[in-house]
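Structure first, commentary second.
Ligands are counted one by one from 1 in listed order, and the atoms in each one are counted from 1 as well.
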Amino acid sequence: MMRLDRIILREIRLPLREPFRISSGEMRERRILLLELFDADGASTWSECVVDDAPNYSPETLDTAWPTIVRWLAPRLLGAELDAPSGVHARLEADLRGHLMAKAALEMGCWALAATKLGVPLSTLLGGTRTHIGTGISLGIQRDIPTLVAKATEALAAGYQKVKIKIAPGRDVEWISAVRASCGAAAHLMADANNAYTLDDADLLQRLDGLDLMMIEQPLAWDDLVRHAQLQRLLRTPLCLDESITSLERAQDMVALGAGRIINIKPGRVGGFAQSIAIHDYAADHGMPVWCGGMLESGIGRAYNVALASLPNFTLPGDLSPSARYWTQDIVAPEWTMDGTGMVAVPQSAPGIGVEVDRDRVRALTVRSEELRAT
Ligand SMILES: [Mg+2]
(Lines give C-alpha, C1' and ligand atoms only; values in the text may rest on other atoms or scores of the structure.)
Protein backbone atom coordinates (compact mmCIF):
# COMPACT_ATOMS: atom_id res chain seq x y z
CA MET A 1 0.00 0.00 0.00
CA MET A 2 2.99 2.30 0.59
CA ARG A 3 6.62 2.33 -0.47
CA LEU A 4 8.78 5.25 0.63
CA ASP A 5 11.42 6.11 -1.91
CA ARG A 6 12.70 9.40 -0.45
CA ILE A 7 12.85 11.22 2.89
CA ILE A 8 14.13 14.78 3.36
CA LEU A 9 15.24 16.00 6.80
CA ARG A 10 15.34 19.73 7.51
CA GLU A 11 16.30 21.71 10.59
CA ILE A 12 14.57 25.08 10.87
CA ARG A 13 14.82 27.79 13.54
CA LEU A 14 11.35 29.17 14.22
CA PRO A 15 11.25 32.42 16.28
CA LEU A 16 9.05 32.36 19.37
CA ARG A 17 6.73 35.28 20.09
CA GLU A 18 7.87 35.30 23.71
CA PRO A 19 10.46 33.26 25.67
CA PHE A 20 9.08 29.96 27.01
CA ARG A 21 10.28 29.02 30.46
CA ILE A 22 9.92 25.68 32.26
CA SER A 23 11.56 24.44 35.47
CA SER A 24 14.77 23.64 33.61
CA GLY A 25 15.39 26.69 31.44
CA GLU A 26 14.23 29.26 28.85
CA MET A 27 13.96 29.24 25.06
CA ARG A 28 13.73 32.11 22.48
CA GLU A 29 13.62 30.23 19.20
CA ARG A 30 12.71 26.64 18.55
CA ARG A 31 15.05 24.33 16.67
CA ILE A 32 12.62 22.10 14.76
CA LEU A 33 13.31 18.91 12.81
CA LEU A 34 10.93 18.46 9.89
CA LEU A 35 10.63 15.41 7.67
CA GLU A 36 9.16 15.17 4.21
CA LEU A 37 8.16 11.64 3.17
CA PHE A 38 7.69 10.66 -0.47
CA ASP A 39 5.83 7.61 -1.69
CA ALA A 40 7.03 5.81 -4.82
CA ASP A 41 3.75 6.71 -6.54
CA GLY A 42 4.31 10.46 -6.03
CA ALA A 43 2.29 11.20 -2.90
CA SER A 44 4.09 13.07 -0.13
CA THR A 45 3.57 14.51 3.34
CA TRP A 46 5.35 16.45 6.08
CA SER A 47 5.95 15.38 9.64
CA GLU A 48 7.69 16.85 12.67
CA CYS A 49 10.05 15.29 15.19
CA VAL A 50 9.18 16.87 18.55
CA VAL A 51 12.64 16.62 20.13
CA ASP A 52 14.00 19.53 22.13
CA ASP A 53 17.38 21.17 21.74
CA ALA A 54 18.47 19.85 25.16
CA PRO A 55 17.81 16.51 26.88
CA ASN A 56 15.70 18.08 29.63
CA TYR A 57 12.34 16.47 28.83
CA SER A 58 13.54 13.14 27.42
CA PRO A 59 17.05 11.81 26.71
CA GLU A 60 16.52 12.54 23.01
CA THR A 61 17.54 15.80 21.34
CA LEU A 62 17.44 17.13 17.79
CA ASP A 63 21.10 16.19 17.49
CA THR A 64 20.46 12.57 18.49
CA ALA A 65 17.31 12.19 16.38
CA TRP A 66 18.86 13.33 13.12
CA PRO A 67 21.65 10.71 12.88
CA THR A 68 19.36 8.04 14.36
CA ILE A 69 16.86 8.58 11.57
CA VAL A 70 19.57 8.68 8.91
CA ARG A 71 21.56 5.65 10.04
CA TRP A 72 19.09 3.36 11.80
CA LEU A 73 15.44 4.20 11.21
CA ALA A 74 14.95 5.45 7.66
CA PRO A 75 16.77 2.42 6.14
CA ARG A 76 14.11 0.18 7.72
CA LEU A 77 11.39 1.98 5.77
CA LEU A 78 12.94 3.21 2.52
CA GLY A 79 12.08 0.85 -0.32
CA ALA A 80 10.05 -1.51 1.88
CA GLU A 81 6.49 -2.52 1.01
CA LEU A 82 4.38 -1.28 3.91
CA ASP A 83 0.93 -2.84 4.13
CA ALA A 84 -0.48 -0.41 6.68
CA PRO A 85 0.83 2.36 8.95
CA SER A 86 -0.23 0.33 12.00
CA GLY A 87 2.68 -2.04 11.30
CA VAL A 88 5.39 0.63 11.13
CA HIS A 89 5.89 0.84 14.91
CA ALA A 90 6.84 -2.85 15.18
CA ARG A 91 9.22 -2.50 12.24
CA LEU A 92 11.02 0.43 13.90
CA GLU A 93 10.93 -1.08 17.39
CA ALA A 94 12.52 -4.50 16.72
CA ASP A 95 15.97 -4.63 18.34
CA LEU A 96 16.24 -0.85 18.38
CA ARG A 97 15.97 0.62 21.85
CA GLY A 98 14.63 4.04 22.70
CA HIS A 99 14.68 7.00 20.27
CA LEU A 100 10.88 7.14 20.51
CA MET A 101 10.54 10.68 19.16
CA ALA A 102 12.71 9.88 16.16
CA LYS A 103 10.63 6.75 15.53
CA ALA A 104 7.38 8.69 15.98
CA ALA A 105 8.28 11.29 13.35
CA LEU A 106 8.56 8.52 10.76
CA GLU A 107 5.67 6.42 12.04
CA MET A 108 3.24 9.32 12.20
CA GLY A 109 4.40 10.49 8.78
CA CYS A 110 3.43 7.06 7.44
CA TRP A 111 -0.08 7.43 8.89
CA ALA A 112 -0.42 10.84 7.23
CA LEU A 113 0.92 9.49 3.96
CA ALA A 114 -1.58 6.62 4.10
CA ALA A 115 -4.42 9.07 4.78
CA THR A 116 -3.25 11.22 1.87
CA LYS A 117 -3.21 8.22 -0.45
CA LEU A 118 -6.64 7.06 0.74
CA GLY A 119 -8.03 10.57 0.28
CA VAL A 120 -9.23 10.85 3.90
CA PRO A 121 -8.39 13.27 6.73
CA LEU A 122 -5.73 11.95 9.14
CA SER A 123 -8.22 12.12 12.02
CA THR A 124 -10.58 9.78 10.16
CA LEU A 125 -7.84 7.21 9.59
CA LEU A 126 -6.97 7.29 13.31
CA GLY A 127 -10.59 6.67 14.34
CA GLY A 128 -11.35 10.23 15.41
CA THR A 129 -14.96 11.11 16.16
CA ARG A 130 -14.83 14.79 17.17
CA THR A 131 -15.05 17.73 14.78
CA HIS A 132 -13.94 20.25 17.44
CA ILE A 133 -11.57 19.89 20.38
CA GLY A 134 -11.37 21.99 23.52
CA THR A 135 -8.02 23.59 24.18
CA GLY A 136 -6.18 24.74 27.25
CA ILE A 137 -3.18 27.01 27.60
CA SER A 138 0.18 26.11 29.12
CA LEU A 139 1.78 28.97 31.04
CA GLY A 140 5.52 28.77 31.63
CA ILE A 141 6.99 29.93 34.94
CA GLN A 142 6.41 33.70 35.08
CA ARG A 143 8.64 36.38 36.61
CA ASP A 144 6.25 37.13 39.47
CA ILE A 145 2.80 36.31 40.84
CA PRO A 146 0.95 39.35 39.40
CA THR A 147 2.23 38.48 35.91
CA LEU A 148 1.00 34.89 36.30
CA VAL A 149 -2.42 36.04 37.55
CA ALA A 150 -2.74 38.50 34.64
CA LYS A 151 -1.87 35.82 32.07
CA ALA A 152 -4.27 33.28 33.54
CA THR A 153 -7.06 35.87 33.63
CA GLU A 154 -6.38 36.86 30.04
CA ALA A 155 -6.36 33.20 28.90
CA LEU A 156 -9.71 32.44 30.52
CA ALA A 157 -11.21 35.59 28.98
CA ALA A 158 -9.93 34.46 25.56
CA GLY A 159 -11.92 31.24 25.95
CA TYR A 160 -9.25 28.73 26.99
CA GLN A 161 -10.96 25.80 28.73
CA LYS A 162 -8.05 24.96 31.03
CA VAL A 163 -5.08 26.85 32.41
CA LYS A 164 -1.99 24.74 33.05
CA ILE A 165 0.56 26.42 35.27
CA LYS A 166 4.16 25.26 35.36
CA ILE A 167 5.39 25.02 38.94
CA ALA A 168 8.76 24.55 40.64
CA PRO A 169 9.91 24.70 44.26
CA GLY A 170 9.33 28.22 45.60
CA ARG A 171 6.86 29.00 42.80
CA ASP A 172 4.01 26.70 43.63
CA VAL A 173 1.37 26.88 46.39
CA GLU A 174 1.42 30.65 46.86
CA TRP A 175 1.44 31.25 43.10
CA ILE A 176 -1.47 28.94 42.32
CA SER A 177 -3.42 30.18 45.35
CA ALA A 178 -3.21 33.70 43.93
CA VAL A 179 -4.56 32.51 40.55
CA ARG A 180 -7.38 30.60 42.25
CA ALA A 181 -8.30 33.61 44.40
CA SER A 182 -8.35 35.92 41.41
CA CYS A 183 -9.95 33.66 38.78
CA GLY A 184 -12.61 32.10 41.02
CA ALA A 185 -13.76 28.62 41.97
CA ALA A 186 -15.08 27.72 38.51
CA ALA A 187 -11.78 28.22 36.63
CA HIS A 188 -10.28 24.97 35.35
CA LEU A 189 -6.73 25.07 36.68
CA MET A 190 -3.97 22.48 36.81
CA ALA A 191 -0.27 22.38 37.67
CA ASP A 192 2.63 20.77 35.79
CA ALA A 193 5.84 20.23 37.74
CA ASN A 194 8.01 18.58 35.07
CA ASN A 195 9.74 16.37 37.67
CA ALA A 196 10.73 19.25 39.98
CA TYR A 197 9.79 17.52 43.28
CA THR A 198 10.56 14.41 45.32
CA LEU A 199 8.54 12.43 47.85
CA ASP A 200 10.13 14.64 50.54
CA ASP A 201 7.85 17.39 49.19
CA ALA A 202 4.67 15.39 49.85
CA ASP A 203 3.53 17.80 52.60
CA LEU A 204 3.91 20.76 50.29
CA LEU A 205 2.11 19.00 47.42
CA GLN A 206 -0.73 18.08 49.82
CA ARG A 207 -1.32 21.82 50.28
CA LEU A 208 -2.28 21.95 46.60
CA ASP A 209 -5.22 19.66 47.46
CA GLY A 210 -7.05 22.68 48.87
CA LEU A 211 -6.91 24.52 45.55
CA ASP A 212 -9.28 22.24 43.64
CA LEU A 213 -6.96 21.58 40.70
CA MET A 214 -8.06 19.33 37.84
CA MET A 215 -4.75 17.46 38.23
CA ILE A 216 -1.08 17.76 39.16
CA GLU A 217 1.11 16.63 36.29
CA GLN A 218 4.32 14.63 36.73
CA PRO A 219 5.56 16.03 40.05
CA LEU A 220 8.21 13.33 40.53
CA ALA A 221 11.01 11.83 38.43
CA TRP A 222 10.60 11.53 34.66
CA ASP A 223 10.79 7.72 34.64
CA ASP A 224 9.11 7.01 37.98
CA LEU A 225 5.90 5.10 38.67
CA VAL A 226 6.32 3.62 42.15
CA ARG A 227 6.82 6.92 44.00
CA HIS A 228 3.98 8.53 42.08
CA ALA A 229 1.79 5.70 43.39
CA GLN A 230 2.92 6.46 46.94
CA LEU A 231 2.21 10.15 46.41
CA GLN A 232 -1.19 9.55 44.80
CA ARG A 233 -2.28 7.73 47.95
CA LEU A 234 -1.55 10.91 49.92
CA LEU A 235 -3.40 13.26 47.57
CA ARG A 236 -7.04 13.87 46.73
CA THR A 237 -6.09 15.67 43.50
CA PRO A 238 -5.56 13.28 40.57
CA LEU A 239 -1.99 12.87 39.40
CA CYS A 240 -1.49 13.01 35.65
CA LEU A 241 1.53 11.27 34.17
CA ASP A 242 3.38 12.65 31.17
CA GLU A 243 7.12 11.83 30.98
CA SER A 244 6.72 8.42 32.69
CA ILE A 245 4.32 6.94 30.13
CA THR A 246 6.39 5.85 27.15
CA SER A 247 4.40 2.81 25.99
CA LEU A 248 1.19 0.84 26.47
CA GLU A 249 3.02 -1.33 29.02
CA ARG A 250 3.95 1.71 31.16
CA ALA A 251 0.28 2.78 31.07
CA GLN A 252 -0.71 -0.70 32.25
CA ASP A 253 1.90 -0.48 35.04
CA MET A 254 0.51 2.92 36.02
CA VAL A 255 -2.98 1.48 36.42
CA ALA A 256 -1.72 -1.61 38.27
CA LEU A 257 0.25 0.52 40.74
CA GLY A 258 -2.27 3.34 41.10
CA ALA A 259 0.42 5.83 40.04
CA GLY A 260 -2.09 8.37 38.74
CA ARG A 261 -5.58 8.81 37.34
CA ILE A 262 -5.04 10.72 34.08
CA ILE A 263 -2.60 10.38 31.17
CA ASN A 264 -1.23 13.19 29.04
CA ILE A 265 -0.62 11.45 25.70
CA LYS A 266 2.03 13.04 23.51
CA PRO A 267 2.41 10.85 20.44
CA GLY A 268 6.09 11.72 20.00
CA ARG A 269 6.86 10.50 23.53
CA VAL A 270 5.37 7.03 22.95
CA GLY A 271 6.80 6.30 19.50
CA GLY A 272 3.83 7.44 17.42
CA PHE A 273 0.17 6.85 16.74
CA ALA A 274 -0.07 3.03 17.09
CA GLN A 275 1.04 3.26 20.75
CA SER A 276 -1.00 6.44 21.32
CA ILE A 277 -4.15 4.69 20.13
CA ALA A 278 -3.35 1.59 22.21
CA ILE A 279 -2.87 3.74 25.35
CA HIS A 280 -6.04 5.69 24.54
CA ASP A 281 -8.06 2.49 24.19
CA TYR A 282 -6.59 0.93 27.34
CA ALA A 283 -7.31 4.09 29.35
CA ALA A 284 -10.88 4.17 28.01
CA ASP A 285 -11.39 0.56 29.12
CA HIS A 286 -10.23 1.53 32.62
CA GLY A 287 -12.31 4.67 32.94
CA MET A 288 -9.25 6.90 32.78
CA PRO A 289 -9.49 10.16 30.81
CA VAL A 290 -6.63 11.26 28.57
CA TRP A 291 -5.66 14.54 26.92
CA CYS A 292 -3.10 15.62 24.37
CA GLY A 293 -0.15 17.70 25.57
CA GLY A 294 2.14 19.85 23.46
CA MET A 295 5.87 19.89 22.73
CA LEU A 296 6.01 23.43 21.31
CA GLU A 297 5.25 22.04 17.86
CA SER A 298 5.05 24.07 14.67
CA GLY A 299 1.77 23.98 12.78
CA ILE A 300 2.83 20.65 11.27
CA GLY A 301 3.20 18.89 14.60
CA ARG A 302 0.00 20.59 15.76
CA ALA A 303 -1.91 18.92 12.88
CA TYR A 304 -0.86 15.51 14.20
CA ASN A 305 -1.91 16.36 17.77
CA VAL A 306 -5.29 17.71 16.68
CA ALA A 307 -5.97 14.56 14.64
CA LEU A 308 -5.11 12.33 17.61
CA ALA A 309 -7.13 14.42 20.07
CA SER A 310 -10.26 13.82 17.95
CA LEU A 311 -10.44 10.27 19.39
CA PRO A 312 -13.36 9.78 21.82
CA ASN A 313 -11.51 9.32 25.14
CA PHE A 314 -9.61 12.60 24.79
CA THR A 315 -12.24 14.09 27.10
CA LEU A 316 -10.05 16.76 28.74
CA PRO A 317 -8.88 19.92 26.91
CA GLY A 318 -5.53 19.49 25.13
CA ASP A 319 -2.60 21.91 24.92
CA LEU A 320 -3.52 22.92 21.37
CA SER A 321 -3.02 26.69 21.47
CA PRO A 322 -3.36 28.70 18.25
CA SER A 323 -0.23 29.30 16.14
CA ALA A 324 -0.19 33.00 17.09
CA ARG A 325 0.33 32.19 20.76
CA TYR A 326 3.78 30.78 20.10
CA TRP A 327 5.02 31.94 16.71
CA THR A 328 5.44 35.32 15.05
CA GLN A 329 4.39 33.43 11.91
CA ASP A 330 3.68 29.70 11.59
CA ILE A 331 4.86 27.54 8.69
CA VAL A 332 1.39 26.30 7.71
CA ALA A 333 -1.69 27.77 6.04
CA PRO A 334 -4.18 28.20 7.42
CA GLU A 335 -2.54 28.90 10.77
CA TRP A 336 -4.14 27.12 13.76
CA THR A 337 -6.82 29.14 15.52
CA MET A 338 -9.44 28.61 18.22
CA ASP A 339 -12.86 30.17 18.60
CA GLY A 340 -14.04 32.28 21.54
CA THR A 341 -15.12 29.19 23.46
CA GLY A 342 -11.68 27.58 23.21
CA MET A 343 -12.54 25.10 20.45
CA VAL A 344 -10.14 24.08 17.68
CA ALA A 345 -11.66 22.71 14.46
CA VAL A 346 -10.41 19.32 13.27
CA PRO A 347 -9.60 19.59 9.53
CA GLN A 348 -12.27 17.65 7.64
CA SER A 349 -12.12 18.82 4.06
CA ALA A 350 -8.64 17.85 2.88
CA PRO A 351 -6.89 14.47 2.89
CA GLY A 352 -3.88 13.95 5.16
CA ILE A 353 -2.77 16.51 7.75
CA GLY A 354 -5.25 19.15 6.55
CA VAL A 355 -2.92 22.16 6.37
CA GLU A 356 -0.63 23.42 3.59
CA VAL A 357 3.06 23.86 4.40
CA ASP A 358 4.51 27.26 3.46
CA ARG A 359 7.50 26.00 1.47
CA ASP A 360 9.02 29.47 0.98
CA ARG A 361 9.01 30.12 4.71
CA VAL A 362 10.41 26.67 5.48
CA ARG A 363 13.18 27.27 2.92
CA ALA A 364 14.01 30.65 4.45
CA LEU A 365 14.23 29.17 7.96
CA THR A 366 16.20 26.04 7.01
CA VAL A 367 19.73 25.80 8.43
CA ARG A 368 20.56 22.31 7.15
CA SER A 369 18.93 19.52 5.16
CA GLU A 370 19.68 15.98 4.04
CA GLU A 371 17.99 13.77 1.47
CA LEU A 372 17.75 10.00 1.89
CA ARG A 373 16.81 7.67 -0.95
CA ALA A 374 15.87 4.01 -1.26
CA THR A 375 18.83 2.07 -2.61
MG1 LIG B 1 4.11 17.87 31.17
- [ ] Spell out, as yes or no, whether a donor-acceptor pair under 3.5 Å connects the side chain of Asp360 to the backbone of Val362.
- [x]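 Not at all, since once roles are kept as given, no pair shorter than 3.5 Å links the two residues.
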Open item on the list: Regarding Asn194 and Gln218, do their side chains bring together a donor and an acceptor under 3.5 Å, going by distance alone?
Closed with: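 Asn194 vs Gln218: no donor-acceptor pair found between side chains.
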By atom name, which N, O or S atom belonging to [X] lies closest to the Mg ion (ligand 1)?
X: Glu217; result: OE2
X: Asp242; result: OD2
X: Asp192; result: OD2

Open item on the list: Over 60° means perpendicular and under 30° means parallel, so tell me whether Phe273 and Trp111 are parallel, tilted or perpendicular.
Closed with: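 Rings of Phe273 and Trp111: perpendicular, over 60°.
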Task: Partner of Arg31 under side chain to side chain donor-acceptor pair (under 3.5 Å), chosen from Asp53, Thr61, Asp52 - done: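 It is Asp53; the other options fail the test.
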